[in-house]
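Encoded as structure tokens, the structure appears first; notes follow it.
Naming convention: chains lettered A, B, ... in sequence-line order (proteins, then strands); numbering from 1 in each chain. This one's a predicted model, so the numbers in the text were calculated from it and none came from an experiment.
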2 protein chains.
Amino acid sequence: MADINSLMDPAPPSAATVDEDTAVALPLVDFIELLFFAYRDFVGDPDQILAPIGFGRAHHRVVHFVNRHPGMRVTDLLDILRITKQSLGRVLRELVDEGFVESRAGASDRRQRLLFPTAKGEALARQFVGLQSRRMATALEASGPDGREAVQRFLIAMIDPEDRAAVERLIERADRAARARPA
Amino acid sequence: MADINSLMDPAPPSAATVDEDTAVALPLVDFIELLFFAYRDFVGDPDQILAPIGFGRAHHRVVHFVNRHPGMRVTDLLDILRITKQSLGRVLRELVDEGFVESRAGASDRRQRLLFPTAKGEALARQFVGLQSRRMATALEASGPDGREAVQRFLIAMIDPEDRAAVERLIERADRAARARPA
DNA sequence: AATTTATGTCAGCCATGTTGACTTTTTCGT
DNA sequence: ACGAAAAAGTCAACATGGCTGACATAAATT
């Protein structure tokens, strides 16, 4: 009887679950922990795909954003990821070398390197989005009838106020571009 | 005019924001990105506190969980953090050496090392929770009248199904213990 | 008494972050 | 037209926090 008093053991004798009828509102600290666990599993999804091809989570993030916002500049990616250009450079070089991403000089400003996914990169990104969308879709359904809007407002409000507008614009622009270029 | 075509620039001429009256439901991929940005800023909060004392995010996680679940075993912490005992060991040793955490042998099973925060550790954890609670409280308010419940269901459903029960029990147990031992 | 469990530790490696310094190309401001 | 500034890339060195593998100890279980 190894973990009879484990904090993580399979099931309690007959303890009430958190979302019981009688449940009171969760303390804030519970939401902090729920977010930790939710994100832990959320970013764990792509690992199965990444491991076989010898990539890590940094590669995932780059492939995702380049695919979702094709033609973005290196600087944009740095702003999003909040890492140094040296860190990004390493990962980006590997992705370019192995044919997942390609960079072309900007038309109006030729100092810029605009990043595009290759067909291979798109395929990989689709795998990531597929996995994470499945989890996300299920969770949004579980959130209830108006849950989608509530979760949207929640997530936006979790972002630093000074970054919110930029993020909303980034996403809106990507959606518009995606509608204009239907797969 | 550096970033006139930047993806992250301050403000668009007069573009509609995402949550306009006319807005359609966001695609799933937008939620994926919102969660990324939300979490990025959420875990950035503690950095200001950590940097001066020479700790990193790994220390934050350990201090948080030990404080929130005092008396937890090393194994429990490993299950929560999903890292190896060697990785945890390094961080834990520093926290014990610098007097933030202390470990006592278990009463019933003396092989176990039960982890407790010291007064210093509690104070540090309170700082973390304070910062992150403020962000969380604001975001939950922004989520709308029934947002809290929706977000709760959302976050729980984002967790791997096989872990959900354990997480809910962990949190419920901590809440009960906290109510029994009011600060 | 033998085995298993919980923990800890050493050694080395890997992924991914950091700073600082410097270069090249191109654009912008005056 | 010239000098400053911007966008990007690169080298070197280092820090953090993951990992594997091997092994040690104490206590509990069988």
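- Look at A/Thr84 and you'll find a side-chain N or O under 4.0 angstrom from OP1 or OP2 of C/dT18.
- Between B/Lys85 atom NZ and C/dC10 atom C1' the separation is 12 Å, expressed in whole Å.
- Positionally, the nearest nucleotide of DNA chain C for B/Arg93 lies more toward the 5' end than for the other of B/Arg93 and A/Arg110.
- Figure legend: cation-pi geometry between B/Arg104 and B/Phe116, with NZ or CZ positioned under 6.0 Å from the six-membered ring centre and within 45° of its axis.
- When ring centroids are compared, A/Phe42 and B/Tyr39 stay outside the 6.0 Å threshold.
- A/Phe65 and B/Phe36 have their aromatic ring centers within a separation under 6.0 angstrom.
- Atom CG in B/Leu77 sits roughly 13 Å away from atom C1' in C/dT7 (whole-Å rounding).
- One interatomic measurement links the two molecules: CD1 of A/Ile83 to P of C/dT18, which rounds to 7 Å at whole-angstrom precision.
- We find that CG of A/Leu114 is positioned 11 Å from P of D/dG9, with the value rounded to whole Å.
- A/Arg90 comes within contact range of at least one nucleobase, with a heavy-atom separation under 4.0 Å.
- Nucleotide C/dT25 holds its P atom 15 Å from the CG atom of A/Asp109, rounded to whole Å.
- One can place CG of A/Leu88 at 14 Å from C1' of C/dT18, the figure rounded to the nearest angstrom.
- Each of A/Arg135, A/Arg57, A/Arg134, A/Arg40 was checked for a salt bridge (Lys or Arg N to Asp or Glu O under 4.0 Å) with A/Asp45, and the lone residue meeting it is A/Arg135.
- The residue A/Gly56 sits close only to the backbone: its heavy atoms come under 4.0 Å of sugar-phosphate atoms, none of a base.
- Residue A/Arg113 contributes atom CZ, which lies 10 Å from atom C1' of C/dT24 at whole-angstrom precision.
- A close approach under 4.0 Å does occur between a side-chain nitrogen or oxygen of A/Arg61 and OP1 or OP2 of C/dG17.
- OP1 or OP2 of C/dT18 lies within a sub-4.0 Å distance of a side-chain N or O belonging to A/Ser87.
- Remark: A/Arg164 does not engage A/Glu162 in a salt bridge, criterion side-chain N to carboxylate O under 4.0 Å.
- Candidate nucleotides C/dT18, D/dT20, C/dT7 were compared by shortest atom distance to the side chain of B/Gln112, and C/dT7 ranks first.
- Residue side chain B/Gln86 reaches the base of D/dG21 through a donor-acceptor N/O pair under 3.5 Å, judged by distance alone.
- Contact between the side-chain N/O atoms of B/His59 and the OP1/OP2 oxygens of D/dG17 is found at a separation under 4.0 Å.
- In this structure, A/Asp47 atom CG and D/dG18 atom P are separated by 13 Å, rounded to whole Å.
- Nearest-nucleotide mapping onto DNA chain C: of A/Arg111 and A/Ala58, the residue sitting toward the 5' end is A/Ala58.
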